[in-house]
Amino acid sequence: YRDPTSPTLAAFRGQHADAIDRAQWIQFELDRQLGAVAARAIRADLPIGVYQDVALGSAARGSDAWAFPNLFVLDGTSLGAPPDGLAPAGQNWGLPPLDPHALQRDGYRYWIRLLRSAFRHAGALRIDHVMGLFRQFWIPPRRPGSEGAYMRFPADDLLGILALESTRAGALVIGEDLGTVPPGLPERLHQAGILSTRVLLFSRDRRGAFLPAATYPQQALVGANTHDMVPLAGWTAERDLVLRRAHGQIRSRAELVAARAERRGAIVALTRLLVDAGLWPKDAPAHGADPRFRGAVHALLCRTPTALVGIALDDLAATIDPVNLPGVDLDRYPSWSRRTGLTLETLRTDPGVAIALASTTRRARHTRRRSPSRRHRA
């Protein structure tokens, strides 16, 4: 059953034809509906349309590893990330890595098919953990994330194929270049025309002050946070610190006290930036549960010169809990399992969402330039 060409599997296909047809039909229907969304976006004159994502990897028991077993390292080796401030023990993502030599010998057919599928209905494509085109952190079987090593990848070839396929699709490309970034990578992405990723809550100087809006690069997508971080309402409420303490990432009460002190200092620093920008009253308390505060943060993002601004639905809905807690196993925290705090129908009518959006558009004061008619291409 592990060999797609085996006679046993051919017999299985014949015995379970209806179930296999149904699985294929579901994939066909998902693609049809995504195409309908993309067509609706074009009719609505949205300049980008659907913003798609290429994930870092696929599951060891997923269809990719089954269909292309010779391309994946399936001995228990896993992709991950070395220890950093977000995950002090490192991260083990449980995903089998691609063998760069096998990928190269096969003429990069897997990478080409992956990109063409992702670009099919996309006006923009995000490359998750874009550093993986240059190097990947491999963790040996049954070892923690702190005991991995970097493996080099043929970046020139992978970037060249990405450039070709993005040009064919007429779509722009965003690279998620957060975390431990190898030297020279930002310059390589810039030369390739790939938009960088900027996060407001990470953008501080050595003194802890948040960077002014005008200092952000033009060739980037900027957002308040990412899917690996707590939403704004949870950030000001220190919800992520509570969760990290509960799951051992903050190891002692003393560390928690220090983290809370640092967070309160960060909230003060962000509020000071908003006040200096004329987006927040000088003596008003700042809290993510206040839709006017969330609107002020988004208005600040809209004043940056970046090509794109991202606003998370969780921030509009004042969600507190993060959708993902990096470095914590799924049996301890249900990452990627919860829904957004509000349904799409409720988002249209929720007073807090309306206030946050009104604050964003009003306070931005039309200082943000219009999106260029010519799309960025990798």
Side-chain angles (χ1 to χ4, degrees), residues 1-13 15-16 19-20 23-24 26-27 30 52-83 87 89-118 126-159 161-162 165 176 179-180 182 228 324 326-337:
Y1 294 117
R2 294 180 181 275
D3 180 3
T5 63
S6 72
T8 303
L9 193 64
F12 181 91
R13 285 196 182 104
Q15 296 166 4
H16 301 275
I20 292 173
Q24 291 179 315
I26 290 173
Q27 293 299 316
L30 289 170
Q52 283 277 63
D53 185 278
V54 170
L56 170 68
S58 56
R61 298 190 179 189
S63 59
D64 284 18
W66 177 81
F68 304 96
N70 295 330
L71 299 183
F72 286 85
V73 180
L74 299 174
D75 63 354
T77 300
S78 174
L79 293 173
Q91 299 180 53
N92 187 326
W93 298 323
L95 304 173
L98 283 163
D99 181 341
H101 300 293
L103 190 67
Q104 198 168 39
R105 286 194 300 268
D106 195 50
Y108 301 104
R109 288 187 299 170
Y110 174 80
W111 178 235
I112 293 168
R113 291 181 61 178
L114 180 66
L115 289 177
R116 288 180 179 176
S117 177
R126 172 185 177 274
I127 307 296
D128 185 39
H129 196 75
V130 72
M131 292 85 76
L133 301 183
F134 298 79
R135 68 181 189 185
Q136 295 181 4
F137 194 71
W138 289 18
I139 302 168
R142 298 174 295 281
R143 306 307 300 172
S146 59
E147 298 184 15
Y150 281 111
M151 302 293 287
R152 291 180 181 173
F153 269 66
D156 289 340
D157 293 348
L158 297 174
L159 284 174
I161 293 169
L162 176 60
E165 296 303 331
E176 192 254 329
T180 305
D228 289 329
N324 181 38
V328 177
D329 295 337
L330 291 177
D331 57 349
R332 297 166 58 207
Y333 186 83
S335 293
W336 309 113
S337 300

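Values below: all heavy atoms of this structure, side chains included; hydrogens, waters and symmetry mates excluded. Counting from 1, the numbers follow the sequence of the chain as shown.
The main-chain N or O of Ile161 is never found under 3.5 Å from a side-chain atom of Glu165 such that the two would form a donor-acceptor pair. Side chain of Trp111 to main chain of Leu158: a donor-acceptor pair is present (N/O by atom type, distance under 3.5 Å, no hydrogens or angles). Under the 3.5 Å distance criterion, the side-chain polar atoms of Ser335 are left unmatched by any main-chain donor or acceptor of Asn324. In this structure, Asp3 contributes its side chain and Thr5 its backbone to a donor-acceptor pair below 3.5 Å.
Between Thr180 and Pro82, the closest side-chain pair of non-hydrogen atoms falls below 4.5 Å. Side-chain contact between Tyr108 and Asp157: present, with at least one pair of heavy atoms (C-beta onward) separated by less than 4.5 Å. Annotation: side chain of Ile139 is not in contact with side chain of Leu79 (no heavy-atom distance under 4.5 Å). With a 4.5 Å cut-off on side-chain heavy atoms, Pro182 and Met131 count as touching. A heavy-atom distance below 4.5 Å is not found between the side chains of Asp128 and Val54. For the pair Leu133/Leu159, a side-chain contact is recorded, criterion being any heavy-atom separation below 4.5 Å from C-beta on. Side-chain atoms of Glu176 and Ile127, non-hydrogen and from C-beta on, never get closer than 4.5 Å to each other.
Between atom CZ of residue Arg105 and atom CG of residue Leu71 there is a gap of 9.0 Å, rounded to the nearest 0.5 Å. Between the CZ atom of Phe72 and the CG atom of Leu98 there is a distance of 4.0 Å, given to the nearest 0.5 Å. Here the straight-line distance linking atom CZ of Arg2 with atom CG of Leu74 works out to 9.0 Å at 0.5 Å rounding. We find the CG-CD distance between Asp106 and Gln104 to be 11.0 Å, quoted to the nearest 0.5 Å. If you take CG on Leu56 and NE2 on His129, they are separated by 6.0 Å, rounding to the nearest 0.5 Å. Note: Ser78 OG to Trp93 CH2 = 8.5 Å, rounded to the nearest 0.5 Å.
Minimum heavy-atom separation, Pro100 to Pro154: CB-CD, 4.0 Å. Nearest approach of Ala65 to Ala59, heavy atoms of both residues: CB-O, 3.9 Å. When every heavy atom of Ala67 is checked against every heavy atom of Pro4, the shortest pair comes out as CA-CG, 4.3 Å. The nearest pair of heavy atoms linking Gly107 to Ile112 is O-CD1, 4.0 Å. Nearest approach of Ser58 to Pro96, heavy atoms of both residues: O-CD, 3.1 Å.
For residues 134-148, every residue pair satisfying the salt bridge (charged side-chain N to carboxylate O under 4.0 Å, His left out) rule, not counting sequence neighbours, is listed here: Arg143-Glu147. Counting only residues at least two apart or in different chains, side-chain hydrogen bond (donor to acceptor under 3.5 Å, both in side chains) contacts with residues 63-76 comprise Asp64-Tyr110, Asp75-Thr77.
The number of heavy-atom neighbours closer than 6.0 Å to CZ of Arg332, taken from other residues, nucleotides and ligands shown, is above 12. Residue-environment remark: CZ (Arg116) exceeds the threshold of 12 foreign heavy atoms within 6.0 Å.
The ring pair (Phe, Tyr, Trp, His ring centres under 6.0 Å) check on Tyr150 picks up Phe137, with sequence neighbours excluded.
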Candidate pair Phe134 and Phe153, rule ring-ring contact (aromatic ring centres under 6.0 Å, His included), full reasoning: CA-CA 5 Å; Phe134 298 79; Phe153 269 66; over 10 Å; no

